[in-house]
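Single-structure report; data block below.
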Amino acid sequence: MAPIVSLPIGTPPQTQRMVLDTGSQLSWIQCHKKTPKPKPPPPPMASFDPSLSSTFSVLPCTHPICKPRVPDFTLPTSCDQNKLCHYSYFYADGTLAEGNLVREKITFSPSVSTPPLILGCAKDTTDSEGILGMNRGRLSFASEAKITKFSYCIPARPAQTGSNLPTGTFYLGNNPNSAGFRYIDMLTFDQSQRMPNLDPLAYTVVMLGIRIGGKKLSISPSVFLHDRSGAGQTMIDSGSEFTYFVDEAYTKVREEIVRLVGPRLKRDYVYAGVADMCFDGKDVDIGRLIGDMVFEFDKGVEIVTPKEQILADVGGGVRCVAIGQSSTLGAGSNIIGNFHQQNQWVEFDLSNRRVGFGRADCSRSV
């Protein structure tokens with residue numbers, strides 16, 4: 001589950017569904033020339049047909065972005081046999097997206113459109129959606145379209161999988177609800193601060209601790225801060241469903257869950273290789289036994305996950321605490337995923353380098 005936005009791309013616009021991802025840079029869409037021309041027009045799920053857009057162009061190998069070793073370009077590029085710029089992008093969960101870099105506009109209305117932005121045009125990925133890369137990189141949609149502020153509100157998932165999903169809200173620019181937001185500073189990194197385990201383009205914040213059922217866990221705040229190698233940063237990532245903590249924090253969370261509901265844990269069970277605090281669905285009172293879970297941040301800001309919403313339905317009658325160990329991803333960072341951003345406005349104020357949070361019922365159009 002990830003937040004999905006529909007954007008009108010090209011001229012005339014074709015609506016493309018894209019995963020809103022604050023944890024990655026490159027935006028890309030599915031591209032396929034459709035022959036013969038389908039009648040009636042394809043549904044919004046369908047991939048983008050470059051031949052139908054008058055503003056589409058490909059990026060040749062001679063373009064500066066396609067020259068490797070551009071200092072802040074985190075995307076491996078190469079020249080393909082057609083002399084076009086080819087990219088390959090690995091995500092933290094091990095999936096790969098690849099294709100050609102192209103230029104295309106996003107057309108919000110007949111009078112409002114972006115200049116041509118650099119996007120990826122993927123031809124062979126298995127996903128039906130593209131990715132809207134929204135991190136701090138110079139090729140992210142936010143940077144290329146010169147967006148200084150954006151926010152989203154992800155609704156709580158329904159109790160049963162398969163029931164109708166409520167739609168959330170996504171704002172580019174000012175949010176009329178922002179008077180009630182509380183803000184924390186974003187940590188920013190100079191390009192010269194190269195650390196092997198640090199993602200300098202992520203939305204990094206200062207996290208201080210975790211409370212479960214009112215009890216503060218004994219975790220040193222330094223566990224949530226980057227060390228000299230860059231490991232340990234805490235980032236807000238809309239593209240990751242679960243939250244991941246480094247070993248010291250994860251172990252403390254798991255110990256407390258085991259103390260509260262240990263006998264009910266599903267033995268020797270790990271969901272998707274990352275979550276091992278899972279229960280058979282008949283235990284409806286698990287959340288009540290665990291209590292609310294609170295992530296504590298700088299400046300007194302807290303993200304509260306109420307006990308009724310502490311477990312993620314992973315299908316097959318199994319529910320899991322939506323927290324994994326970041327080492328299982330091969331990552332050395334703490335990642336606050338979208339499960340713990342439900343019913344919360346999250347605003348990225350790029351011009352003031354801060355992130356805002358505000359409680360909301362995101363299933364109501366706000």
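Keep in mind that what you see is a predicted model, and the values were worked out from it rather than measured.
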What verdict does the side chain to side chain donor-acceptor pair (under 3.5 Å) test give for Asn197 and Ser229, after you've listed the backbone C-alpha separation in whole Å, the side-chain angles of each residue and the deciding distance to 0.1 Å? CA-CA 6 Å; Asn197 298 309; Ser229 78; 3.0 Å; yes
With clusters defined by side-chain heavy atoms of hydrophobic residues (ILVMFWY) lying less than 4.5 Å apart, directly or transitively, does Val355 cluster with Leu198? no
Can a donor-acceptor pair be found, under 3.5 Å and without considering hydrogens, that links the side chain of Ser88 to the backbone of Glu98? no
Any Lys/Arg nitrogen of Arg211 or Glu302 sitting under 4.0 Å from an Asp/Glu carboxylate oxygen of the other? yes
Sorted by chain and number, sequence neighbours left out, salt bridge (Lys or Arg N to Asp or Glu O under 4.0 Å) with Arg103 holds for none
Walk me through it: do Asp49 and Gln14 pass the test side chain to side chain donor-acceptor pair (under 3.5 Å)? CA-CA 8 Å; Asp49 185 346; Gln14 301 172 45; 5.8 Å; no
Would you say Thr204 and Gln233 are linked by a side-chain donor-acceptor pair, where the criterion is simply a distance under 3.5 Å? yes
For a 4.5 angstrom cut-off between non-hydrogen side-chain atoms, does Cys121 reach Phe56? yes
Check: Arg319 and Ile286 side chains under 4.5 Å, non-hydrogen atoms: no
For Lys83, salt bridge (Lys or Arg N to Asp or Glu O under 4.0 Å) partners two or more places apart: none
Working to the nearest 0.5 Å, report the span between CD1 of Ile9 and OG of Ser113. 12.5 Å
Between Glu296 and Lys216, is a salt bridge (Lys or Arg N to Asp or Glu O under 4.0 Å) present by the stated rule, with each step listed? CA-CA 10 Å; Glu296 303 172 350; Lys216 172 129 182 173; 2.6 Å; yes
Side-chain (Gln344) to main-chain (Gln341) donor-acceptor, under 3.5 angstrom: no
Side-chain donor-acceptor distances from residues 267-276 under 3.5 Å, at least two apart:
unit_1: Asp276; atom_1: OD1; unit_2: Tyr250; atom_2: OH; d: 2.3
unit_1: Asp276; atom_1: OD1; unit_2: Arg254; atom_2: NE; d: 3.1
unit_1: Asp276; atom_1: OD2; unit_2: Arg254; atom_2: NE; d: 3.1

Is any side-chain heavy atom of Ile154 less than 4.5 Å from a side-chain heavy atom of Cys362? no
Indicate whether any N or O donor in one side chain lies under 3.5 Å from an N or O acceptor in the other, for Asn175 and Ser178. no
If I take atom CG from residue Leu20 and atom CZ from residue Phe141, how far apart are they, to the nearest 0.5 angstrom? 10.0 Å
Salt bridge (charged side-chain N to carboxylate O under 4.0 Å, His left out) contacts touching residues 327-352 (sequence neighbours left out): Asp349-Arg354
Running the 4.5 Å side-chain criterion over Ile, Leu, Val, Met, Phe, Trp and Tyr, what cluster does Val304 land in, apart from itself? Val294
So which pairs with a foot in residues 110-121 pass salt bridge (charged side-chain N to carboxylate O under 4.0 Å, His left out), sequence neighbours left out? none
Selection residues 305-324 - residue pairs positive for ring-ring contact (aromatic ring centres under 6.0 Å, His included), sequence neighbours left out: none
Distance, nearest 0.5 Å, that separates CD1 of Ile336 from OG1 of Thr22: 11.0 Å
Looking at Glu256 and Arg259, is there a salt bridge between them, counting it only when a charged N and a carboxylate O are closer than 4.0 Å? yes
For Cys66 and Cys79, run disulfide (SG to SG under 2.5 Å): C-alpha distance rounded to whole Å, both residues' side-chain angles, the deciding distance at 0.1 Å, then the answer. CA-CA 8 Å; Cys66 213; Cys79 221; 5.7 Å; no
ring-ring contact (aromatic ring centres under 6.0 Å, His included) pairs, two or more places apart, involving residues 186-213: Phe189-His226, Tyr203-Phe348
Given side chains that start at C-beta, do those of Val253 and Leu217 come closer than 4.5 Å, heavy atoms only? yes
Identify the two heavy atoms, one from Ser143 and one from Gly137, that lie closest to each other, and give their separation to 0.1 Å. OG-O, 2.6 Å
With a cut-off of 6.0 Å (strictly less than), are more than 12 heavy atoms of other residues, nucleotides or ligands near CZ of Arg353? no
Treating Asp237 as the side-chain partner and Gly239 as the backbone partner, does any N or O pair qualify as donor plus acceptor under 3.5 Å? yes
Verify same cluster id: Ile303, Ile257 (apolar side-chain graph, 4.5 Å): yes
List the steps, then state whether salt bridge (Lys or Arg N to Asp or Glu O under 4.0 Å) holds for Arg136 with Asp199. CA-CA 10 Å; Arg136 298 178 57 248; Asp199 179 353; over 6 Å; no
What I'd like to find out is whether the side chain of Leu7 reaches to under 4.5 Å of the side chain of Thr15, using heavy atoms alone. no
Ile210-Val261 co-clustered via ILVMFWY side chain contacts under 4.5 Å: yes
What ring-ring contact (aromatic ring centres under 6.0 Å, His included) pairs are there with at least one residue in residues 301-331, not counting sequence neighbours? none
With a 4.0 Å cut-off, would you call Lys307 and Asp285 a salt bridge? no
Donor on one side chain, acceptor on other, Ser24 and Asn135, under 3.5 Å: no
Show me the pairs that pass salt bridge (charged side-chain N to carboxylate O under 4.0 Å, His left out) and involve residues 175-189, at least two apart or across chains. Asp185-Lys299
Supply the atom-to-atom distance Met293 CE to Gln309 CD, rounded to the nearest 0.5 angstrom. 13.0 Å
Verify the distance criterion only: is there a donor paired with an acceptor across the side chains of Thr55 and Glu104 at less than 3.5 Å? yes
Any pair with a residue in residues 319-350 that passes disulfide bond (SG atoms under 2.5 Å apart), sequence neighbours left out, goes on the list, sorted by first then second residue, please. Cys278-Cys320
Going only through I, L, V, M, F, W and Y residues with side-chain contacts under 4.5 Å, is there a path from Phe297 to Leu208? no
Residues in ring-ring contact (aromatic ring centres under 6.0 Å, His included) contact with His340, at least two apart in sequence or another chain: Phe295
Ile219 with Ile212, same ILVMFWY side-chain cluster at under 4.5 Å: yes
Which of Phe357, Tyr171, Tyr152 passes ring-ring contact (aromatic ring centres under 6.0 Å, His included) with Trp345? Answer is Tyr171
